[in-house]
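Taking it in order: structure first as structure tokens, then the write-up.
Values reported hereafter were calculated over all heavy atoms of this structure, with side chains retained and with hydrogens, waters and symmetry mates removed. From a predicted model like this one, the values you see are computed outputs, not experimental measurements. Here is how names work: the chains are called A, B, and so on, in the same order as the sequence lines, proteins then strands, and each is numbered from 1.
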There are 2 protein chains.
Amino acid sequence: MEINQIIAKFHEKGFKATPQRLAICKYVLLSKDHPTTDMIYNEVKQEYPTISLATVYQTLHLLSDIGLLQELDSNNGISRYDPKTSPHINIICKKCGKVEDYESERLEKFWSKIVDDLGFKPLGQRIDVYRYCEDCRRSRVK
Amino acid sequence: MEINQIIAKFHEKGFKATPQRLAICKYVLLSKDHPTTDMIYNEVKQEYPTISLATVYQTLHLLSDIGLLQELDSNNGISRYDPKTSPHINIICKKCGKVEDYESERLEKFWSKIVDDLGFKPLGQRIDVYRYCEDCRRSRVK
DNA sequence: TATTTAAATAATACTGATTACAAATTAGCT
DNA sequence: AGCTAATTTGTAATCAGTATTATTTAAATA
Ligand SMILES: [Mn+2]
Ligand SMILES: [Mn+2]
Ligand SMILES: [Zn+2]
Ligand SMILES: [Zn+2]
């Protein structure tokens, strides 16, 4: 997503396009990492050293409200943020919480049929699959 | 699930079948409500008044570990517990967090194909669809 | 059935991610 | 350039969940 499009989106929705918000967008909307708040805060601080953690939280909620990303709560109490809001599978490690996207044409086709069956247009969806990631399997004592 | 099967499951996995655990199971494994910890605690207290909240948390984690239920973390910070661990859709209200099951033969068929594509057997899955529930739509100011 | 003991419970203190707050700053409007 | 409501910051407060530990107990054993 172009920076100008993002600015336009903020304005269109009646929000200010502050440099803090744009710095957060630049990082998180391009990220493939499903980053945590802490990852986002630390990364954005490089470019914008005075940014507050409160601003990061507030901006992530705003981006979620206007549909630019999805918050993924996890059972270790640490949320991750996903800029891909279209139907796709997140492969999530049960141990460390790492998230990987799984793209699937088949899923997309299936999903549109499922949504037809539902009878309403969802505000969003979350499709997770759980396993232990390679790193965690390797270091597993069992 | 029969109470004797549950007791057997605990023993099989090497855990004690305590009355606290059985009281929790009796409530949560039959529940269609995707109850929160608090709902479970308050309900089980009726039957077992001296139970501790710590025991409820510990038991829910145990049940999750042995695959009898799934924890659903939500963005309001309050987890819900789902005794249905097979692939199905949870229709979740974005406002109040209420969860409703959506049963779908089509989904089950689709899902097995998706899993084949994945190339590994998941430890579990979570398929959510978001909307505002009827109650919340009704009381919505917008 | 009584004894033994590792596992489990209960009560409570603690943790840490997130939220609330209020003073200072600022984007965008005119 | 000046205005002002929106936003940011820094910090305090919250509170769901976890850790701790003394006490109790399920169930294995004799
Ligand atoms: Mn994703
Ligand atoms: Mn369900
Ligand atoms: Zn991992
Ligand atoms: Zn609702």
Side-chain angles (χ1 to χ4, degrees), chain A residues 3-4 6-25 28 34-42 44-45 47-66 69-81 95-97, chain B residues 3-4 6-25 28 34-42 44-45 47-66 69-81 95-97:
Chain A
I3 191 76
N4 283 13
I6 293 171
I7 293 173
K9 184 89 177 179
F10 279 129
H11 289 170
E12 170 201 330
K13 297 275 179 176
F15 299 108
K16 294 182 179 176
T18 68
Q20 291 92 332
R21 283 175 178 169
L22 295 177
I24 290 166
C25 286
V28 76
H34 303 76
T36 63
T37 313
D38 223 56
M39 289 161 70
I40 296 165
Y41 176 54
N42 285 303
V44 171
K45 242 191 334 197
E47 175 176 344
Y48 205 101
T50 64
I51 199 164
S52 159
L53 188 52
T55 300
V56 173
Y57 275 105
Q58 178 256 36
T59 300
L60 292 171
H61 289 152
L62 178 65
L63 293 176
S64 173
D65 286 346
I66 66 181
L69 56 77
Q70 178 174 19
E71 186 174 346
L72 301 174
D73 291 85
S74 76
N75 54 14
N76 65 7
I78 299 173
S79 285
R80 287 175 173 264
Y81 295 88
K95 175 102 176 295
C96 70
Chain B
I3 191 76
N4 282 14
I6 293 170
I7 293 174
K9 185 87 176 181
F10 279 130
H11 288 169
E12 171 200 330
K13 297 275 181 177
F15 298 109
K16 293 181 179 175
T18 67
Q20 290 92 334
R21 282 175 179 169
L22 296 177
I24 291 165
C25 285
V28 75
H34 303 77
T36 63
T37 311
D38 223 57
M39 289 162 70
I40 296 164
Y41 177 54
N42 286 304
V44 171
K45 239 187 341 193
E47 175 176 344
Y48 205 99
T50 65
I51 198 163
S52 160
L53 189 53
T55 300
V56 173
Y57 275 106
Q58 178 256 35
T59 299
L60 292 171
H61 289 153
L62 178 64
L63 294 176
S64 173
D65 286 345
I66 67 181
L69 57 76
Q70 177 174 19
E71 187 174 346
L72 301 174
D73 291 85
S74 76
N75 54 14
N76 64 7
I78 299 173
S79 286
R80 287 175 173 263
Y81 295 87
K95 176 104 176 296
C96 70

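Taking all atoms of both residues into account, the shortest heavy-atom contact from L22(B) to I3(B) is CD2-CD1, 4.2 Å. The two atoms that bring I51(A) and V56(A) nearest to each other are CD1-CG2, 4.4 Å, heavy atoms only. Heavy atoms only, all atoms of each residue included: F15(B) and R21(B) are closest at CB-NH1, 3.7 Å.
Nucleic acid contact for L53(B): none, since no nucleic acid atom lies under 4.0 Å from a heavy atom of the residue. Counting any heavy atom pair closer than 4.0 Å across all strands shown, F10(B) reaches no nucleic acid atom. At a threshold of 4.0 angstrom between heavy atoms, the contacts of T55(A) include nucleobase atoms, whether or not backbone atoms are also involved. Looking at heavy-atom distances under 4.0 Å, Y48(B) makes contact with sugar-phosphate atoms alone, never a base.
Residue T37(A) has a polar side-chain atom (N or O) positioned under 4.0 Å from OP1 or OP2 of dT18(C). OP1 and OP2 of dA16(D) both lie 4.0 Å or more from every side-chain N or O belonging to S79(B). When the side-chain nitrogen and oxygen atoms of Q58(B) are compared with OP1 and OP2 of dT9(C), one or more of them lie within a distance under 4.0 Å. In this structure, R21(A) reaches the dT8(D) phosphate: one of its side-chain N or O atoms is under 4.0 Å from OP1 or OP2. Between dT18(C) and Y57(A), a contact under 4.0 Å exists linking OP1 or OP2 to a side-chain N or O. Side-chain N/O atoms of T50(A) include one lying less than 4.0 angstrom from OP1 or OP2 on dT9(D). Close to dT19(C), at under 4.0 Å from its OP1 or OP2, lies a side-chain N or O of H61(A). At the phosphate of dT7(D), neither OP1 nor OP2 sits under 4.0 Å from any side-chain N or O atom of T18(A).
Relative to the side chain of A54(B), the nucleotides dT8(D), dT12(C), dA26(D) differ in distance, and dT12(C) lies closest. Which of dA27(D), dA26(D), dT9(D) sits closest to the side chain of P19(B) comes down to dA26(D).
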| task | Please step through side chain to side chain donor-acceptor pair (under 3.5 Å) for the pair N76(B) and S74(B), ending with a clear verdict. | result | CA-CA 6 Å; N76(B) 64 7; S74(B) 76; 2.5 Å; yes
| task | For the pair V28(B) and L63(B), evaluate side chain to side chain contact (heavy atoms under 4.5 Å, CB included) and give the outcome as yes or no after the intermediate values. | result | CA-CA 10 Å; V28(B) 75; L63(B) 294 176; 4.2 Å; yes
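A straight line from CD of Q20(B) to P of dT9(C) spans 5 Å, rounded to a whole angstrom. With rounding to whole Å, I78(A) atom CD1 is found 12 Å from dT18(D) atom P. The nearest whole Å value for the distance from the NZ atom in K45(A) to the C1' atom in dT9(D) is 13 Å. D73(B) has its CG atom 11 Å from the P atom of dT18(C), to the nearest Å.
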